[in-house]
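Keep in mind that what you see is a predicted model, and the values were worked out from it rather than measured. The basis for the numbers below is simple: all heavy atoms, side chains too, and nothing from hydrogens, waters or symmetry mates.
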Amino acid sequence: MDIQVLGGSYIKGTVQCSGAKNAAIPLICASLLAKGKVLLRNVPRISDVFDICQILRYLDCRVIFKGHTMLIDNVNLKYKPLFFDECRRIRGSYYFIGVFLALFSKCEIWLPGGCKIGARPIDVHLQAFTDLGFTYHIEGNILTLYKTTTNEVATIALAKPSVGASMNALFAALSLSKVTILHGLFEPEGMDVITFLKEIGYPIFYTQEGLFYEKARLEFKLVKHTVIPDRIEAFTYVALGLLKGDVVVKRVNPKDMQYPLEVLKDAGYQLLIKDNEIHAKKSYGKPMLLKTGVYPALPTDIQSIFGVLFLNTIGTSQIEETIFENRMQIYTDLIQSGVECRIEGNKASVLGTTIIHSKEYKAYDLRHGAALLLLALLGDGESKISNFEYVLRGYDDIIHKIKSLGGKITIL
Ligand code: EPZ
């Protein structure tokens with residue numbers, strides 16, 4: 001999908017944040033672990049969610065997705081090898097591994113896809129599964145796992161901080177009687193999944209020391225859960241307000257984005273933060289020196305957005321990407337748009353400016369595409385963004401939301 005964006009329009013209005021992509025995907029997978037129907041609210045209508053739903057239907061589950069509410073009935077769930085195109089298209093399909101190990105003690109799946117922002121191995125996931133008593137082998141792009149020990153108690157330590165591996169280890173751990181998981185990384189989205197698993201009936205306790213689980217009988221019941229707001233989507237619209245006008249972002253949880261909001265306030269940007277809304281007005285900040293890191297540090301998913309936000313600084317800001325190896329595309333686009341910017345490996349510096357030359361851009365991944373949209377809205381003329389379908393993987397109704405704020409976007 002290609003879009004055309006006319007820069008220069010004043011952006012003003014209110015935007016409702018949707019449910020978090022990176023919570024909704026594991027929540028939908030985890031719904032297979034419930035002993036009854038699951039009703040999920042505030043589910044974002046994004047292509048990654050549609051793909052996950054299609055995989056559930058392949059597994060003979062009933063999924064009704066109306067508006068932002070989803071009813072999942074897993075009563076007819078059957079084990080099948082997960083050899084579906086949808087598994088290769090997205091990264092989040094790997095959550096089916098942990099869920100299948102919990103339910104069937106085995107799994108055959110095509111290795112996951114997802115944004116090409118680095119090598120994105122799954123070695124930490126595989127080590128956790130091994131420590132929990134499973135064996136795996138990979139032939140071509142097929143990963144096969146099965147239980148080879150009868151141990152019911154385990155204490156595992158994740159080899160490195162990994163959002164996906166922590167969640168997958170927790171799912172697989174539910175097949176044992178008693179498990180401790182050390183060094184898990186549970187960001188707000190992971191905490192939302194832990195809350196959901198406890199609502200299903202899994203006794204899980206998560207403290208600074210670790211995550212503790214002990215098997216208990218599950219009741220047959222309808223489980224209702226509301227997906228937390230998407231903090232990355234919210235930050236994207238906050239940045240748009242700071243760059244281009246006056247935006248009130250509603251249905252957000254500022255507590256989930258404390259650090260990046262503090263960075264903006266310390267830099268002098270105009271932000272009014274309330275319990276579940278953020279009001280961002282066009283303003284300029286002092287230069288910033290930033291580095292991405294694991295929660296609660298600066299999220300890697302807003303690194304490219306910050307790259308564009310640096311244009312509204314009085315001076316030169318710097319940022320370093322420490323999570324993924326290949327997530328610096330936006331800085332090349334800034335240079336090609338006439339911005340004074342330097343890239344050195346995973347570090348970049350940007351000199352603030354108001355002169356942005358519109359041009360043709362190509363989105364390489366979801367968050368790069370969103371940053372390109374902000375850049376195009378700042379441009380001095382017409383821009384074109386190709387591969388915009390990447391953005392639709394993670395931003396619910398973004399074209400309509402930006403148009404409702406006064407942005408001029410045409411789908412080509
Ligand atoms: C999740 O990716 C998110 N994706 C990413 O969001 C997000 O950027 C990332 O967490 C960090 O917050 C989903 O939730 C579907 P990791 P994930 O495992 O789980 C390395 C977006 O735009 N690693 O925490 O893949 C890995 O390569 C997406 O919404 C291993 O080496 O992230 C990376 O360098 C992009 N071995 C680092 O760890 C492993 O087994 C962090 O990865 C696993 C990860």
Side-chain angles (χ1 to χ4, degrees), residues 17-26 44 46-49 90-92 94-95 112-120 161-167 185-193 227-240 242-243 249 252-264 278 280 288 290-310 319-331 333 346-348 363-375 387-388 390-396 398 401:
C17 193
S18 297
K21 164 178 93 83
N22 293 341
I25 290 171
I46 53 176
S47 56
D48 275 18
V49 163
I90 64 175
R91 177 96 179 150
Y94 61 18
Y95 290 124
C115 290
K116 303 275 179 291
I117 50 181
R120 304 188 83 178
S162 161
V163 167
S166 305
M167 207 104 71
L185 171 56
F186 294 95
E187 300 183 335
E189 296 76 18
M191 294 309 293
D192 198 28
V193 174
V227 182
I228 60 169
D230 192 315
R231 58 195 167 109
I232 309 301
E233 179 199 23
F235 189 86
T236 306
Y237 289 108
V238 165
L240 179 58
L242 296 175
L243 285 162
V249 188
V252 299
N253 182 358
K255 291 192 187 71
D256 286 348
M257 41 202 295
Q258 213 157 356
Y259 180 72
L261 292 176
E262 275 166 17
V263 163
L264 293 175
I278 300 171
M288 292 168 272
L290 303 174
K291 180 190 277 196
T292 63
V294 298
Y295 190 81
L298 194 82
T300 172
D301 289 348
I302 60 175
Q303 178 260 107
S304 303
I305 305 293
F306 255 106
V308 179
L309 191 54
F310 287 159
I319 195 161
E320 179 181 0
E321 171 59 57
T322 67
I323 304 292
F324 290 107
E325 320 86 277
N326 178 26
R327 206 170 203 183
M328 304 296 282
Q329 295 289 342
I330 192 64
Y331 303 99
D333 299 304
N346 264 7
K347 289 182 185 174
Y364 284 91
D365 68 70
L366 158 56
R367 307 302 174 185
H368 172 233
L372 282 175
L373 179 52
L374 297 185
L375 183 59
N387 294 351
F388 196 74
Y390 275 123
V391 179
L392 304 183
R393 289 189 46 203
Y395 284 85
D396 186 349
I398 186 167
K401 287 184 181 180

Spatial distance of atom CD1 (I305) from atom CG (L242) [nearest 0.5 Å]
12.0 Å
Looking at R327 and D301, does any basic side-chain N land under 4.0 Å from a carboxylate oxygen?
yes
Under the criterion side-chain contact (heavy atoms from CB on, under 4.5 Å), I'd like the reasoning laid out for I46 against Y395: C-alpha separation, chi angles, the key distance, then a yes or no.
CA-CA 6 Å; I46 53 176; Y395 284 85; 5.7 Å; no
Heavy atoms only: give me the nearest P254-I278 pair and the separation to one decimal.
CG-CG1, 4.2 Å
K21 vs L366, side-chain contact (heavy atoms from CB on, under 4.5 Å): CA-CA, chis, key distance, verdict:
CA-CA 12 Å; K21 164 178 93 83; L366 158 56; 3.5 Å; yes
Can you name the salt bridge (charged side-chain N to carboxylate O under 4.0 Å, His left out) partners of R231, sequence neighbours left out?
E187, E189
Side-chain contact test, heavy atoms from C-beta onward, threshold under 4.5 Å: evaluate it for T322 versus N346 and give yes or no.
no
Partner residues of A234 under the side chain to side chain contact (heavy atoms under 4.5 Å, CB included) criterion, sequence neighbours left out
C17, V249, V252, M257
If every non-hydrogen atom of P161 is compared with every non-hydrogen atom of V294, which pair is closest and at what distance?
CB-CG1, 3.9 Å
Would you name the heavy atoms of N253 and P229 that are closest together and state the gap between them?
N-CG, 4.0 Å
Check the side chains of E321 and T300 for a donor-acceptor pair under 3.5 angstrom, ignoring hydrogens and angles.
yes
Over all atoms of both residues, closest heavy-atom pair of V308 and A371:
CG2-O, 3.5 Å
Does the gap between the ring centers of F306 and F235 come in under 6.0 Å?
yes
Ionic contact status for E325 with R120, cut-off 4.0 Å:
no
Close side-chain approach of D230 and S18, heavy atoms under 4.5 Å:
no
Working to the nearest 0.5 angstrom, can you tell me the gap between K291 NZ and K347 NZ?
7.5 Å
To check you understand the geometry: which heavy-atom pair defines the closest contact between P44 and D396, and what is its length?
CA-OD2, 3.6 Å
